[in-house]
Amino acid sequence: MICLLCGDFDPSEEAAWRAAFAAALPQALLWRLDEARATPRAVQVALVANPPPGALQGLPGLRLVQSLWAGVDRLLADATVPAGVPLARMVDPAMNAAMAETALWAVLSLQRGFFTYAANQRAGLWRTHAQRRAQDLRVTVLGQGQMGRTAAAALAARGYNVQGWRRDGQALAPLLASSDVVVNLLPLTDATRGLIDASFLAQLPRGAGLVNLARGAHVVDADLLAALDGGQVGHAVLDVFHTEPLPPGHPYWQHPQVTMLPHAAAFTDPRSAAAVAAANVQAVLGGAPAQALVGAVDRARGY
Ligand code: NAP
Ligand code: GLV
């Protein structure tokens, strides 16, 4: 079986994927894009992590596109990804657990003011502030899928008052009005792009925290910066950005109320994820319907 393995991997990441797939899918030959281009008819499966636009066109034997990323917004934005081929996103409990750790770190740091203490150290300030309990914080988790549910459970187990939001028609306004911290774990779709704008932020209690672990385009940056500068948002923890890497000189880099990560909230771990992808490959080649795949993407829904 011929699989295209294609993504923005560095050499060590690619080596880790090759080793993991050699164990999980030993019958597969993993081709790079140039090899696939040389004999496009032979490629049956594409295993992709942010492939360059156009990478998946002209592969007439393709039977599965398996994303090695959880979010498929970039794949769905690429009109050349063949619409009739089943598309699955990565669903891996190890990745969910990593995301829950990041959410926990962010919320705990906001609860106890650890970001403020870190800034005070840099400023040479010895200054304490009030010590809040987990029970004092109401945390809203936007998105109750793989990541959101796992993060919400970890936060609730730690003692926070957690509420979740999903696509079930529940009104967002009352949730925002009762949120000391909002954690965003939504997929990026037409319905969620730019959701976190001035009107969204104005509905939060003054000084609330925002934790964006999903996609940069969920946030209207100018609105968030205005809300931070005006004190409506007390602190933002941002893992994801409109442009990545975040360009030098962007106001987030030096903003005293912003803590940044370099899109590192939860990586896919080949040690467990290769087996998840392999099971989908075996299923599709065995004739399973697209809906039976783990992480089957509903293109109409956008996630
Ligand atoms: P998922 O399992 O597909 O869950 C998506 C959740 O969002 C579902 O609960 C869904 O509602 C809800 N949702 C979708 N559209 C909505 C809308 N318009 N209004 C309200 N709720 C809506 O996705 P996941 O695996 O948890 O991943 C979520 C996102 O995390 C990914 O798409 C990706 O962008 C991001 N991510 C980031 C990193 C990182 O390192 N920063 C790593 C992995 C993933 P229903 O339950 O009603 O369907
Ligand atoms: C990372 O952002 C992912 O979607 O897996």
Side-chain angles (χ1 to χ4, degrees), residues 7-9 13 17 47-51 65-77 87-106 140-155 162-176 182-197 200 210-219 236-242 244-246 259-270 272-274 276-277 291 293-303:
D8 52 358
F9 309 120
E13 285 168 341
W17 279 113
L47 304 165
V48 295
N50 267 343
V65 177
Q66 170 68 57
S67 172
L68 303 176
W69 277 42
V72 287
D73 42 288
R74 276 170 67 169
L75 277 173
L76 292 177
L87 169 61
R89 61 192 200 84
M90 181 47 63
V91 170
D92 180 359
M95 196 182 192
N96 300 338
M99 184 59 87
E101 288 173 349
T102 306
L104 206 47
W105 157 78
T140 295
V141 180
L142 306 178
Q144 287 293 288
Q146 295 292 323
M147 305 277 161
R149 273 201 314 270
T150 311
L155 290 162
V162 181
Q163 49 193 5
W165 188 59
R166 54 182 296 185
R167 214 176 55 141
D168 59 0
Q170 184 185 15
L172 184 55
L175 298 184
L176 296 182
V182 172
V183 178
N184 178 32
L185 282 167
L186 290 167
L188 184 64
T189 67
D190 289 344
T192 64
R193 185 180 305 276
L195 176 77
I196 302 174
D197 62 2
F200 176 108
L210 174 71
V211 180
N212 186 18
L213 307 177
R215 286 292 182 264
H218 285 128
V219 174
V237 180
L238 305 176
D239 179 56
V240 283
F241 304 92
H242 283 258
E244 296 180 2
L246 186 70
T259 298
M260 283 173 47
L261 295 175
H263 200 143
F267 298 134
T268 314
D269 186 338
S272 47
V276 177
Q291 316 84 273
L293 300 176
V294 173
V297 172
D298 178 339
R299 284 174 157 96
R301 215 173 49 164
Y303 66 99

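When a ligand or atom number is given, it counts from 1 through the structure's own listing order. In what follows, residues are counted from 1 in the order of the sequence shown.
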Query raised in the report: Any side-chain heavy atom of Met260 within less than 4.5 Å of one from Phe241?
Result: yes
Query raised in the report: Do Val182 and Leu175 come close enough that some side-chain heavy atom pair is under 4.5 Å?
Result: no
Query raised in the report: Under 3.5 Å, N or O to N or O, is Thr189 touching ligand 1 that way?
Result: no
Query raised in the report: So, does Asp239 use its side chain to make a donor-acceptor pair with the main chain of Ala264 at under 3.5 Å?
Result: yes
Requested in this report: Check whether any N or O atom of Gln144, backbone or side chain, sits under 3.5 Å from an N or O atom of ligand 1, and answer yes or no.
Outcome: yes
Query raised in the report: Are any non-hydrogen side-chain atoms of Trp17 and Leu47 less than 4.5 angstrom apart?
Result: no
Query raised in the report: Is there a donor-acceptor pair closer than 3.5 Å between any side-chain N or O of His218 and the backbone N or O of Leu185?
Result: no
Query raised in the report: Below 4.5 Å, heavy atoms only, C-beta onward: do Leu87 and Leu76 meet side chain to side chain?
Result: yes
Report task. Please name all residues satisfying side chain to side chain donor-acceptor pair (under 3.5 Å) with Arg89, sequence neighbours left out, ordered by chain then number. Result -> none
Query raised in the report: Quick one: which ligand 1 atoms are inside 4.0 Å of a heavy atom on Leu185?
Result: 28 (C)
Query raised in the report: For atom 21 (N) of ligand 1, which of Met95, Arg149, Arg166, Arg193 has the closest heavy atom?
Result: Arg166
Report summary line: Taking only non-hydrogen atoms of Asp239 and a 4.0 Å limit, the atoms of ligand 1 in range are 39 (C), 40 (O), 41 (N)
**Report entry** Short N or O distance, Arg167 and ligand 1, threshold 3.5 Å exclusive
**Finding:** yes
**Report entry** Residue and atom name of the nearest protein heavy atom (relative to atom 19 (N) of ligand 1), distance in Å to one decimal
**Finding:** Trp165 CH2, 3.5 Å
Requested in this report: Mark yes when over 12 heavy atoms from residues, nucleotides or ligands other than Asp190 sit less than 6.0 Å from its CG; otherwise mark no.
Outcome: no
Query raised in the report: Taking the side chain from Thr192 and the backbone from Pro187, do they hold a donor-acceptor pair closer than 3.5 Å?
Result: yes
Query raised in the report: What do you reckon, does Arg215 have a nitrogen or oxygen under 3.5 Å from a nitrogen or oxygen of ligand 1?
Result: yes
Report summary line: Sequence neighbours excluded, the answer for ring-ring contact (aromatic ring centres under 6.0 Å, His included) partners of Trp165 is none
Query raised in the report: What protein heavy atom sits nearest atom 26 (O) of ligand 1, and how far off is it?
Result: Met147 N, 2.7 Å
Query - His263 neighbourhood, listing ligand 1 atoms whose heavy-atom distance to it stays under 4.0 Å - result: 39 (C), 40 (O), 41 (N)
Query raised in the report: Are the side chains of Leu186 and Tyr303 in touch, meaning some heavy atoms are under 4.5 Å apart?
Result: no
Query raised in the report: Which residue and non-hydrogen atom of the protein lie closest to atom 1 (P) of ligand 1, and at what distance in Å?
Result: Arg89 NH2, 3.3 Å
Report task. Could you tell me which atoms of ligand 1, counted from 1 in the order shown, lie closer than 4.0 angstrom to a heavy atom of Gly71? Result -> 31 (C), 32 (O), 33 (C)
Report task. For the residue pair Leu75 and Trp69, establish whether any side-chain heavy-atom pair is separated by less than 4.5 Å. Result -> no
Report task. Report, in ascending order of atom number, the atoms of ligand 1 lying under 4.0 Å from any heavy atom of Ala214. Result -> 34 (O), 35 (C), 37 (C)
Report task. From atom 7 (O) of ligand 1, work out which of Ala266, Pro187, Ala191 has a heavy atom at the shortest distance. Result -> Pro187
Query raised in the report: Can an N or O of Leu213 be found at a distance shorter than 3.5 Å from an N or O of ligand 1?
Result: yes
Requested in this report: Report the distance from atom OG1 of Thr259 to atom CG of Leu238, rounding to the nearest 0.5 Å.
Outcome: 8.5 Å
Which pairs of donor and acceptor atoms, one on a side chain in residues 96-104, lie under 3.5 Å apart (sequence neighbours left out)?
residue, atom, partner, partner atom, Å
Asn96, ND2, Gln146, OE1, 3.0
Thr102, OG1, Ala98, O, 3.2
Thr102, OG1, Ala265, O, 2.7

Requested in this report: Could you name the option among Leu195, Asn96, Leu186 that has the heavy atom nearest to atom 13 (N) of ligand 1?
Outcome: Leu186
Requested in this report: List every atom of ligand 1 that sits less than 4.0 Å from any heavy atom of Ala70, numbering the atoms from 1 in the order shown and giving each element.
Outcome: 43 (C), 44 (C)
**Report entry** Within the 4.0 Å heavy-atom sphere of ligand 2, strictly under, residues
**Finding:** Trp69, Ala70, Gly71, Met95, Arg215, His263
Query raised in the report: For ligand 1, which atoms have a heavy atom of Ala265 less than 4.0 angstrom away?
Result: 39 (C), 40 (O), 41 (N)
Query - Contact check, side chains of Met147 and Met95, non-hydrogen atoms, under 4.5 Å - result: yes
Query raised in the report: In the protein, which heavy atom is nearest to atom 38 (C) of ligand 1, and how far is it?
Result: Met99 CE, 3.3 Å
Report summary line: Within 4.0 Å of some non-hydrogen atom of Val240, the atoms of ligand 1 are 41 (N)
**Report entry** Heavy-atom closest pair, residues Gly295 and Val91
**Finding:** CA-CG2, 3.7 Å
Report summary line: protein heavy-atom neighbour closest to atom 10 (C) of ligand 1 works out as Tyr303 OH, 3.5 Å
Query raised in the report: Nearest protein heavy-atom contact for atom 4 (O) of ligand 1: which residue, which atom, what distance?
Result: Gly145 CA, 3.1 Å
Query raised in the report: Side-chain contact, heavy-atom cut-off 4.5 Å: Arg167 with Gln144?
Result: no
